[in-house]
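What follows is one structure encoded as structure tokens, with my remarks underneath.
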Amino acid sequence: MRRFKKAKGINSIERDYKRVLVDDYVKDFVEVDRFIECCKACPNYNTKWSCPPYNFSVMERFWNKYKYIHLFAFKMYFDKSLVENGMTPEEVDSFVMGIRHQNYIMASRWILDMEKANPGSFALDGGHCAKCKRCTRPKGKPCRYEDEIRPAIDAIGGNLVKTAEEIFGTKILWIENGKAPEYFLFIVGLLSNSEEIVIED
């Protein structure tokens with residue numbers, strides 16, 4: 001299993017885990033039409049194979065096939081100096097967002113490793129696919145790694161803000177006024193028909 005490596009500027013990383021029945025999660029946290037509509041405002045909409053729109057039923061492909069969703073929240077705390085001191089927009093883009101992207105990639109790889117460790121499960125990513133520098137979708141060509149594409153929870157209708165608050169008892173924070181938040185939060189998941197799964201560090 002891959003370990004998270006603390007990047008420069010990260011003080012600590014915490015991981016939390018919750019298991020939820022898919023029927024309960026769908027009832028309380030999934031709004032497919034609403035969140036796929038929200039995805040239209042994202043530049044990745046219709047440009048990444050991991051993102052909407054889809055040519056299949058999200059409910060049939062994902063939510064109706066599994067009994068449990070195993071959720072993992074990774075909270076990356078920034079060094080106090082970054083939180084307390086303001087930064088220019090350029091510094092935010094190059095440094096803070098760079099840290100975010102680096103750790104998003106690690107979260108994505110980690111949940112894929114979890115899928116391999118739990119046969120029959122299906123990983124849900126923490127964001128859009130970043131496997132290729134240029135996705136083939138805008139050119140109308142098939143995905144180079146079709147069997148390895150994993151959508152994010154919100155890309156198939158999951159409400160991550162509500163998930164963070166009501167399941168993990170925390171909040172998703174954003175960059176505001178040129179200041180780094182106290183932490184960044186990533187939520188990834190594993191759909192499975194097994195109540196118990198192998199969780200490795």
Side-chain angles (χ1 to χ4, degrees), residues 1-30 32 35 49-51 58-79 99-131 145-173 181-201:
M1 296 295 288
R2 303 171 196 266
R3 291 182 178 273
F4 273 70
K5 296 178 181 179
K6 289 195 298 181
K8 180 182 178 183
I10 294 292
N11 182 49
S12 61
I13 300 174
E14 295 177 357
R15 186 184 77 198
D16 197 3
Y17 163 70
K18 303 292 182 184
R19 180 186 63 227
V20 183
L21 285 167
V22 166
D23 285 349
D24 292 340
Y25 191 76
V26 167
K27 180 180 68 175
D28 296 328
F29 298 94
V30 174
V32 175
F35 283 95
W49 282 115
S50 59
C51 299
V58 166
M59 293 302 301
E60 293 301 318
R61 176 70 65 92
F62 303 112
W63 301 116
N64 292 347
K65 285 180 63 176
Y66 300 94
K67 189 172 181 180
Y68 298 96
I69 180 168
H70 301 269
L71 295 163
F72 300 87
F74 288 94
K75 188 180 283 188
M76 305 180 308
Y77 287 91
F78 285 99
D79 287 341
I99 293 173
R100 183 184 187 279
H101 182 71
Q102 176 182 334
N103 285 273
Y104 149 65
I105 294 295
M106 288 297 296
S108 297
R109 291 172 177 169
W110 185 86
I111 198 63
L112 282 172
D113 281 350
M114 284 289 295
E115 180 186 284
K116 293 173 184 175
N118 292 275
S121 65
F122 188 86
L124 297 177
D125 209 340
H128 67 82
C129 177
K131 200 167 185 66
Y145 304 97
E146 186 174 358
D147 292 340
E148 300 177 35
I149 289 294
R150 300 295 181 269
I153 295 172
D154 52 340
I156 57 171
N159 188 329
L160 289 181
V161 171
K162 191 176 179 183
T163 297
E165 293 177 356
E166 297 187 17
I167 293 180
F168 289 102
T170 189
K171 290 182 178 293
I172 294 176
L173 302 182
E182 181 185 358
Y183 58 81
F184 273 139
L185 184 72
F186 292 99
I187 298 176
V188 294
L190 197 69
L191 291 167
S192 175
N193 286 312
S194 298
E195 184 176 3
E196 302 296 330
I197 58 170
V198 174
I199 302 176
E200 300 181 23
D201 292 324

**Prompt:** With sequence neighbours left out, what residues match Asn118 under side chain to side chain contact (heavy atoms under 4.5 Å, CB included)?
**Reply:** Met114, Ser121, Leu190, Ile197, Val198
**Message:** If you define the side chain from C-beta out and look only at heavy atoms, does anything of Leu191 sit under 4.5 Å from Lys65?
**Reply:** no
**Complete:** The reported gap from CG in Asp16 to CD1 in Ile187 (rounded to nearest 0.5 angstrom) is 9.5 Å
**Request:** Answer yes or no: is there a side-chain heavy-atom contact under 4.5 Å between Leu124 and Ile156?
**Result:** yes
**Asked** Which heavy atom in Leu185 sits nearest to a heavy atom in Ala164, and how many Å separate them?
**Response** CD2-CB, 3.7 Å
**Fill in**
The ring-ring contact (aromatic ring centres under 6.0 Å, His included) partners of Tyr25 (sequence neighbours excluded) come to Phe29, Trp63
**Request:** Under the side chain to side chain contact (heavy atoms under 4.5 Å, CB included) rule, what do Ile13 and Met106 come out as? Steps first, then yes or no, please.
**Result:** CA-CA 12 Å; Ile13 300 174; Met106 288 297 296; over 6 Å; no
**Fill in**
Applying ring-ring contact (aromatic ring centres under 6.0 Å, His included) to Phe186 and not counting sequence neighbours gives none
Contacts table for residues 68-75: side-chain donor-acceptor under 3.5 angstrom, sequence neighbours left out:
residue	atom	partner	partner atom	Å
His70	ND1	Tyr17	OH	2.7
His70	NE2	Ser194	O	2.9
Lys75	NZ	Thr170	OG1	2.8

**Request:** Identify whether the distance between the nearest side-chain nitrogen and carboxylate oxygen of Glu195 and Lys67 falls below 4.0 Å.
**Result:** no
**Message:** Nearest 0.5 angstrom please: Ile199 CD1 to Arg19 CZ, how far?
**Reply:** 9.0 Å
**Residue pair Pro151 / Phe122, side-chain heavy-atom distance below 4.5 Å** = yes
**Fill in**
Heavy atoms of Ser50 and Cys129 approach each other most closely as OG-N, 2.9 Å
**Prompt:** For Val26 and Met59, which heavy atoms make the closest approach, and how far apart are they?
**Reply:** CG1-CE, 3.9 Å
**Fill in**
Contacts of Lys131 meeting side chain to side chain donor-acceptor pair (under 3.5 Å) (sequence neighbours excluded), chain-then-number -> Glu148
**Asked** CG/Asp79 to CD1/Ile10 distance, rounded to the nearest 0.5 angstrom?
**Response** 7.5 Å
**Message:** Quick one, Phe168 and Lys18 - any side-chain contact, counting heavy atoms below 4.5 Å?
**Reply:** yes
**Prompt:** Can you say whether the rings of Phe184 and Phe78 are parallel (under 30°), tilted (30 to 60°) or perpendicular (over 60°)?
**Reply:** perpendicular
**Message:** Could you tell me if the side chain of Val188 sits less than 4.5 Å from the side chain of Arg150, heavy atoms only?
**Reply:** no
**Complete:** Note: Asp24 and Val20 closest approach over all heavy atoms is CB-CG1, 4.3 Å
**Results of side chain to side chain contact (heavy atoms under 4.5 Å, CB included) for Glu60 - residues two or more places apart only** = Ser57, Asn64
**Separation of Glu182 CD from Asn11 CG (nearest 0.5 Å)** = 10.0 Å
